[in-house]
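Below, each value reflects all heavy atoms present in this structure, side chains not excepted, and no hydrogens, waters or symmetry copies. Just so you know, ligand 1 is whichever comes first in the structure, and atom 1 is the first atom listed for that ligand.
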Amino acid sequence: MAYVLDPDVRRALAERVRYYNELGIYDFYQRTASVVEPETTVSSSPQPEEREEMPVRKSAVVAAVAEENIFEVLTPKPEQGVADPASALKLIREDLGDCTRCKLHKQGRKQIVFGVGNPRAELMFVGEGPGADEDAQGEPFVGRAGQLLNNMIKAMGLRREDVYIANIVKCRPPGNRTPERDECETCSPFLMRQIAVINPKVVVALGAVAAKNLLAINAPMAELRGRFYDFMPAGVRRNDPAWPGAKLAVTYHPAFLLRDPRQKGEAWKDLQMVMKYLGLKPQQKAES
Ligand code: SF4
């Protein structure tokens, strides 16, 4: 349906869109939502990860992904039309710059942790945010949790350099606290652009914070795990021939598995589901 706008309104909208472009946001979507009864989605005895990583909201909202752009996009993304994903990622990194878009930039970060791995990866892992080791080294998942993630990747028959690894927020939250909603919303458009240019077959959300932000679903891990979701990063248009579609699976964050190793078997089931979809053969079982 065509929208006819008053010239003044259009000018005001153009100003506003330019402002969002400066924040790294290039696309605007109408979000339709259906409310899921909170009583039926909240388990009476939440698992530790649910308590630690995903505070329960009064109402859980399942948001449908973008139906259509409601504004004309006035400014193309810098990476638009760049066929080589490595070059496109470089352009997104340049666009991010020495980012001060959210308050995490002034809360003790040493550096921005952009993401690492194969720009043409079929499999992508997305965590919550950098910790102390990642902040020091500028690379996601390099501490103890990173070692466990490496073991998980190896057990899937892959090498770390075969996959791409990133986080919802790119700066370390102080004291490793959970990133706040405004921080996730400000930072995640850059992650969405990374996913769009990498074009993976499968994205694995590590933990409830990553799952909640990627899927716009607030539900217990028990409900999120064990199935594939059709995933389209915000900013990609439905029926875009350059986006053949991706699956998203949810599993436990490796840091949670270090705290509760009894759940490793469950995480391995999630990874086996991904392996089957990608046609991967296991090399060895995930190590402790
Ligand atoms: S977390 Fe993201 S949006 Fe916030 S300052 Fe860092 S890079 Fe910028």
**Student:** Can you give me the closest heavy-atom contact between Leu104 and Pro174, atom names plus distance?
**Tutor:**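 Shortest heavy-atom separation between Leu104 and Pro174 comes out as CD2-CD, 3.8 Å.
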**Student:** Taking all non-hydrogen atoms of both residues, which atom of Leu123 and which atom of Pro200 are closest, and how far apart?
**Tutor:**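 Taking every non-hydrogen atom into account, N-CB, 4.4 Å.
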**Student:** Under 3.5 Å, is there a donor-acceptor pair between the side chain of Asn167 and the main chain of Val169?
**Tutor:**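 Such a contact is absent between Asn167 side chain and Val169 backbone.
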**Student:** Answer yes or no for Lys170 and Phe114: cation-pi contact, defined as NZ/CZ to six-membered ring centre under 6.0 Å and angle to ring axis within 45°.
**Tutor:**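 Judged by the rule, Lys170 and Phe114 form a cation-pi pair.
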**Student:** Report the nearest protein non-hydrogen atom to atom 2 (Fe) of ligand 1: residue, atom name, distance rounded to 0.1 Å.
**Tutor:**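 That would be Cys187 SG, 2.3 Å.
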**Student:** Against heavy atoms of His105, which atoms of ligand 1 measure under 4.0 Å?
**Tutor:**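 In order of number, 5 (S).
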**Student:** Gln111 side chain to Asp135 main-chain N or O, any donor-acceptor pair under 3.5 Å?
**Tutor:**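 Yes; at least one donor-acceptor contact below 3.5 Å.
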**Student:** Residue-level breakdown please: for Arg109 versus ligand 1, do any non-hydrogen atoms fall below 4.0 Å on the side chain, on the backbone, on both, or on neither?
**Tutor:**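 Near ligand 1, Arg109 shows its side chain, while the N, CA, C and O stay back.
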**Student:** What is the nearest protein non-hydrogen atom to atom 4 (Fe) of ligand 1, stated with its residue, atom name and distance?
**Tutor:**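 In this structure, atom 4 (Fe) of ligand 1 has Cys102 SG, 2.3 Å as its nearest protein heavy atom.
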**Student:** Suppose we only count N/O/S atoms under 2.8 Å; would Cys171 qualify as near atom 6 (Fe) of ligand 1?
**Tutor:**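 Coordinating: yes.
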**Student:** Just to confirm my output: which protein heavy-atom neighbour is closest to atom 8 (Fe) of ligand 1, and how far is it?
**Tutor:**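 Of the protein heavy atoms, Cys99 SG, 2.2 Å lies nearest.
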**Student:** Using a 4.0 Å cut-off to any heavy atom of Lys170, which atoms of ligand 1 qualify?
**Tutor:**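 Here the atoms of ligand 1 in question are 1 (S), 7 (S).
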**Student:** Given 3.5 Å as the limit, does a donor-acceptor pair link the side chain of Asn176 with the main chain of Gly131, or not?
**Tutor:**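 Not confirmed, Asn176 side chain does not pair with Gly131 backbone.
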